[in-house]
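Since the structure comes first, as structure tokens, the remarks are kept for the end.
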Amino acid sequence: MQRIILHIDMDYFFAQIEERENPQFKGKPIVVGADPKEGKGRGVVSTASYLARKYGIHSALPISKAYQLCPTAIFLPVNMALYQKISEEIMAIVKKYSPTFEQVSLDEAFLDLSYTELPQEAKVKKRMKFSSPIFYGREKCTIGKPWEKAKGIAEKLKKEIYEKEKLTSTIGIGPNKLIAKMTSKKAKPNGLLVIKPDQVKKFLEPLDIDDLPGIGPKTAEKLREIGINKIKELKNLSKTKLKDIFGVVGETFYEKIRGIDEEPVSNEEIIKSIGKEHTFEKDTRDPEIIFENFEQMIKQVHQELLENNFSFKTMTVICRYQGFETHTKSKTLKTPTNDLKILKSEAKKLLLKFLIENPKLIRLIGVRVKIC
DNA sequence: AAGTTCTTATTAC
DNA sequence: CTAACGGTAATAAGAACTT
């Protein structure tokens with residue numbers, strides 16, 4: 001079945017919101033993230049505006065490094081409550097454009113436009129009563145050029161978001177989620193790019209291997225070691241060869257670099273684990289600090305369990321020592337529970353083992369439970 | 001031998 | 001002097017263990 005998938009990604013989301021809220025920052029590089037503390041900060045950059053990116057600052061960069069690169073940038077803390085609220089407003093707009101909608105993160109979403117026509121609002125309401133579930137709110141495109149139509153929808157969507165929120169976005173359209181996502185990445189910022197099925201091969205082949213979702217720094221490095229830098233070159237590896245080197249994910253590379261991806265657009269989010277972790281201001285061994293924080297995290301995790309009516313059987317405690325060496329210890333109970341006392345006592349036992357077996361200063365601790 | 005648990009590695013936003 | 005590196009979650013793989 002031929003599909004038309006749209007991927008929308010807000011441009012430098014957190015930083016663009018701050019720019020909108022603080023017009024006096026216009027024209028200056030903005031970095032949203034941890035407090036740089038004159039270069040001593042321990043956190044990372046969440047989002048850098050495009051002006052900040054000119055200095056080499058980007059998401060996930062240690063904030064200390066960002067401060068080095070551009071100490072005069074505007075450094076702002078993460079105002080998650082604000083971004084959350086604006087995200088909700090934006091997603092409310094996006095989902096009007098197709099009943100098949102999937103939110104990926106605060107600033108990213110997919111729409112399946114295969115059967116969707118403009119305009120929508122009236123139709124969706126009218127059809128709810130009558131149409132069968134399969135075509136609920138949709139109308140099959142039998143006439144016209146569906147790809148042109150999809151582009152028109154995208155233009156309208158971008159415009160509506162800009163007019164209502166004064167924020168720019170980038171949209172990619174392709175025959176599946178993979179191509180739509182890679183397309184929006186290429187088109188940003190404030191872009192719109194459509195890759196039709198007959199253009200997919202030409203689009204993919206010249207891209208770098210790490211442009212492929214699923215190929216991160218480690219996999220890219222392994223590939224470079226065997227002389228593979230471009231997606232086109234990756235096509236020389238057989239499916240079995242890819243499986244041998246990279247396992248199951250390697251097999252998916254084989255399909256992906258040929259533009260194949262059957263993942264449906266669907267918003268069935270199933271939470272499988274809940275956790276909290278915390279990095280200390282300074283590496284420490286002070287039991288007061290460690291256990292105080294640990295109890296807080298356990299309480300929060302427990303709170304979320306109750307809110308969602310979840311139980312767990314397995315808990316994992318994470319400990320990162322000075323020097324970034326990270327270990328985990330886990331324990332699986334005989335029967336599922338949501339009891340705070342059990343979680344607390346068992347998690348503490350695991351944490352205690354870390355303290356006993358390793359005398360190093362501790363940088364981070366965390367706890368996570370697997371829902372069952 | 002098969003199933004479960006534990007630990008680490010990798011990726012993504 | 002070099003490294004620097006948050007929080008949350010999913011998934012895979014292999015080792016270690018129970019049954």
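Computed from a prediction, not measured in an experiment: that's the story for all the values here. The basis for the numbers below is simple: all heavy atoms, side chains too, and nothing from hydrogens, waters or symmetry mates. In the text below, chain A, chain B and the rest are named by the order of the sequence lines, each starting its count at 1.
- Of the candidate nucleotides B:dT11, C:dG7, B:dC6, B:dT11 has the atom nearest to the side chain of A:Thr219.
- With salt bridges taken as basic N to acidic carboxylate O contacts below 4.0 Å, none links A:Lys151 and A:Glu148.
- Checked against C:dA4, B:dC13, B:dT5, the side chain of A:Thr332 finds its nearest nucleotide in B:dT5.
- Contact annotation for A:Ile271: backbone-only contact, meaning every heavy-atom pair under 4.0 Å involves sugar-phosphate atoms and none involves a base.
- If you check every strand for non-hydrogen atoms under 4.0 Å, A:Val248 touches sugar and phosphate atoms only.
- Distance A:Ile318 CD1 to C:dA10 P: 13 Å, rounded to the nearest Å.
- In this entry the distance linking CD1 of A:Ile371 with C1' of C:dA10 reads 13 Å, nearest Å.
- Within the nucleic acid shown, A:Ser46 has no heavy atom closer than 4.0 Å to any nucleic acid atom.
- Backbone-only contact: A:Ile274 has heavy atoms under 4.0 Å from sugar-phosphate atoms and none from a base.
- Taking atom CD1 of residue A:Ile245 and atom C1' of nucleotide C:dA12, one finds them 17 Å apart after rounding to whole Å.
- Taking side-chain N and O atoms only, A:His327 has a distance below 4.0 Å to OP1 or OP2 of B:dT8.
- Among the atoms of the strands shown, only primed sugar atoms or phosphate atoms (P, OP1, OP2) are found under 4.0 Å from some heavy atom of A:Ile215.
- Nucleic acid contact class of A:Lys272 (heavy atoms, under 4.0 Å, all strands): sugar-phosphate only.
- A:Lys256 places a side-chain N or O within 3.5 Å of a backbone atom of A:Pro213 that can act as its donor or acceptor partner.
- Within 4.0 Å of A:Lys313, counting heavy atoms only, lie sugar-phosphate atoms of the nucleic acid but no base atom.
- Considering only the side chain of A:Thr279, C:dG7 comes nearest among C:dG7, C:dT11, C:dA4.
- Atom CZ of A:Phe246 is separated from atom C1' of C:dT11 by 17 Å (rounded to the nearest Å).
- Closest-nucleotide positions on DNA chain C for A:Phe324 and A:Val249 were compared, and the one nearer the 5' end corresponds to A:Phe324.
- With no hydrogens or angles considered, a side-chain donor-acceptor pair links A:Glu18 and A:Tyr83 at under 3.5 Å.
- Judged purely by distance below 3.5 Å, without hydrogens or angles, the side chains of A:Gln300 and A:Glu304 never pair a donor atom with an acceptor atom.
- Residue-level contact check: A:Thr328 touches the bases, meaning some heavy atom is under 4.0 Å from a base atom.
- A straight line from CG of A:Leu106 to P of C:dG6 spans 20 Å, rounded to a whole angstrom.
- Side-chain N/O atoms of A:Arg320 include one lying less than 4.0 angstrom from OP1 or OP2 on C:dG6.
- Considering only the side chain of A:Ser330, B:dT7 comes nearest among B:dC13, C:dG7, B:dT7.
- C:dC5 and B:dC13 have their P atoms separated by 22 Å, with the value rounded to a whole Å.
- Note on A:Gly250: nothing from the nucleic acid sits closer than 4.0 angstrom, heavy atoms only.
- Salt-bridge annotation for A:Lys222 and A:Glu225: absent, with no side-chain N of the basic residue lying under 4.0 Å from a carboxylate O of the acidic one.
- In this structure, A:Lys218 atom NZ and B:dA12 atom P are separated by 13 Å, rounded to whole Å.
- Of the residues near DNA chain C, A:Phe280 and A:Lys243, the one whose nearest nucleotide (by heavy atom distance) lies more toward the 5' end is A:Phe280.
- In terms of phosphate contacts, A:Lys65 brings no side-chain nitrogen or oxygen within less than 4.0 Å of OP1 or OP2 of C:dC5.
- Residue contacts shown for A:Leu333 are absent, as no nucleic acid heavy atom lies under 4.0 Å away.
- Taking atom NZ on A:Lys370 and atom P on B:dT4, their separation rounds to 12 Å, with Å as the unit.
- Residue contacts for A:Lys181: at a heavy-atom cut-off of 4.0 Å it reaches the sugar-phosphate backbone alone, with no base atom in range.
- The A:Arg368 side chain lies nearest to C:dA9 when the options are C:dA4, C:dG7, C:dA9.
- A salt bridge links A:Glu281 with A:Lys37; the closest basic N to acidic carboxylate O contact falls under 4.0 Å.
- The side chain of A:Ser105 approaches B:dC13 more closely than any other nucleotide in the set B:dC13, C:dG7, C:dC5.
- A:His58 places its NE2 atom 15 Å from the C1' atom of B:dC13, with the value rounded to the nearest Å.
- Across all strands, A:Gln68 comes closer than 4.0 Å to base atoms (heavy-atom distances).
- Ion pairing between A:Glu205 and A:Lys201 holds under the 4.0 Å rule for side-chain N and carboxylate O.
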